Amino acid sequence: MNSALTTRTRILALFPPLAAVLLLVGEALTPKGLDHPISTARAVKELPIALAHSDRLYFSNLLVIFGLGALGVSFAAIAVLVRERGATLATVAAVVGGLAGFCGGLANVLVGYDLAAAATAHTTPGAAEQVLVTANRGWAFDVIFVGYLGGLVVATVLTTVALWRSRAVPRWLPILFVLGVALGALAPAGIVSVPLQLPVTVALSVLAIRIWRTTTPPHRQPPASG
């Protein structure tokens, strides 16, 4: 590898563990129940909680938004590991995963930031509820949300298959990756999410190490495990 390619690859290798840490901490700090699209019935319950924890809600959603952005880049980083067999799948996964991360960031702005803003806007509860429900309805929100969840599913499955076919990593790693992403996506907000986020944190960290090792000359690489 030349120095520029080595530097780019090592920068990419930083994104998977960065995404894992940001998402883990962001979800753990998010007040319980404040990470779902908002309906009228849900807004009535969530606004008082959001008002009581507005600064925490802003901060946790900021971490989640940056975490989803880093996760989108992570699919491109993981594609570095896939050569020949599975390379096309990994490339498609990188594109779809990047779009999913972008849509996920937008979705969390609509769900989390809007909730915190409405709760602290010093307006009537009815007006705040109406704004929240309107922002979480309509074709635009549906496109963003489907792009987020659907894109994440497609990118994860394609990446898993590409890693499996390429034989570039131990067989257990693609399995841990797909299961970890699924558990992380299903994890509820709050500290209870931490154990559910650990599998994907481990998978992304191991993948990052593997990506970093691709920049090391073969005679200097440590022996591969697994």
Side-chain angles (χ1 to χ4, degrees), residues 9 12-30 32 35-36 60-61 63-82 86 89-105 107-108 111-112 145-214 224-226:
T9 303
L12 284 174
L14 300 177
F15 279 87
L18 176 63
V21 171
L22 289 174
L23 291 172
L24 187 149
V25 177
E27 284 293 331
L29 291 179
T30 301
K32 183 179 179 181
D35 60 339
H36 300 287
S60 64
N61 272 269
L63 295 180
V64 171
I65 289 167
F66 277 99
L68 288 169
L71 182 62
V73 178
S74 296
F75 285 102
I78 296 169
V80 170
L81 293 171
V82 182
L89 290 178
T91 302
V92 175
V95 175
V96 175
L99 292 174
F102 179 74
C103 289
N108 274 273
V111 172
F145 206 68
V146 170
Y148 168 35
L149 293 182
L152 184 60
V153 169
V154 171
T156 300
V157 171
L158 291 179
T159 298
T160 301
V161 174
L163 288 171
W164 184 273
R165 292 192 62 196
S166 71
R167 298 180 180 273
V169 297
R171 289 296 199 182
W172 57 266
L173 189 50
I175 297 173
L176 181 64
F177 174 72
V178 68
L179 292 178
V181 173
L183 287 173
L186 295 173
I191 196 66
V192 70
S193 69
V194 172
L196 295 176
Q197 296 272 10
L198 288 180
V200 72
T201 301
V202 172
L204 289 174
S205 299
V206 175
L207 286 167
I209 294 171
R210 294 272 173 171
I211 297 165
W212 189 279
R213 284 182 180 175
T214 64
S225 59

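This structure is a prediction, so every number in the text was calculated from the model and none was measured. In what follows, residues are counted from 1 in the order of the sequence shown.
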V161 and R165: CA distance, side-chain angles, deciding distance, side-chain contact (heavy atoms from CB on, under 4.5 Å) verdict: CA-CA 6 Å; V161 174; R165 292 192 62 196; 4.0 Å; yes
For the student: nearest non-hydrogen atoms of P174 and P170, plus distance: CD-O, 3.1 Å
Distance-minimising heavy-atom pair for A76 and A94: CA-CB, 3.6 Å
Heavy-atom check, side chain of L173 versus side chain of L207, under 4.5 Å: yes
CA sep, side-chain torsions, deciding dist, call: L23, V64, side-chain contact (heavy atoms from CB on, under 4.5 Å): CA-CA 5 Å; L23 291 172; V64 171; 4.2 Å; yes
pair L204-F177: side-chain heavy atoms closer than 4.5 Å: yes
Rounded distance (nearest 0.5 Å) linking atom OG1 of T159 with atom CD1 of I78: 5.5 Å
Smallest separation among heavy atoms of A187 and E27, with atom names: O-OE1, 4.3 Å
Straight-line distance of N108 CG to C103 SG, nearest 0.5 Å: 11.5 Å
L14 versus W212, closest heavy-atom pair with distance: CD2-CZ3, 4.3 Å
Pairwise distance CG(L68) to CG(L63) - rounded to 0.5 angstrom: 11.0 Å
Test side-chain contact (heavy atoms from CB on, under 4.5 Å) applied to W164 and I175, step by step: CA-CA 9 Å; W164 184 273; I175 297 173; 3.9 Å; yes
Taking every non-hydrogen atom, the tightest pair across A77 and I211: O-CD1, 3.4 Å
Side-chain heavy-atom pair R210, P16 within 4.5 angstrom cut-off: no
Side-chain donor/acceptor of S166 to backbone N/O of L163, under 3.5 Å: yes
Heavy-atom pair with the smallest gap, counting every atom of G105 and I65: O-CG1, 3.8 Å
Interatomic spacing from CG in L71 to CG in L18 - rounded to 0.5 Å: 10.5 Å
N61 CG to L29 CG distance, which is reported to the nearest 0.5 Å: 10.5 Å
For V154, the option from L152, V157, L158 that meets side-chain contact (heavy atoms from CB on, under 4.5 Å): L158
Expected output: side-chain S193 to main-chain A189 donor-acceptor under 3.5 Å: no
Working for side-chain contact (heavy atoms from CB on, under 4.5 Å), residues L198 and L183: CA-CA 9 Å; L198 288 180; L183 287 173; over 6 Å; no
Interatomic distance, L81 atom CG to T214 atom OG1 [nearest 0.5 angstrom]: 6.5 Å
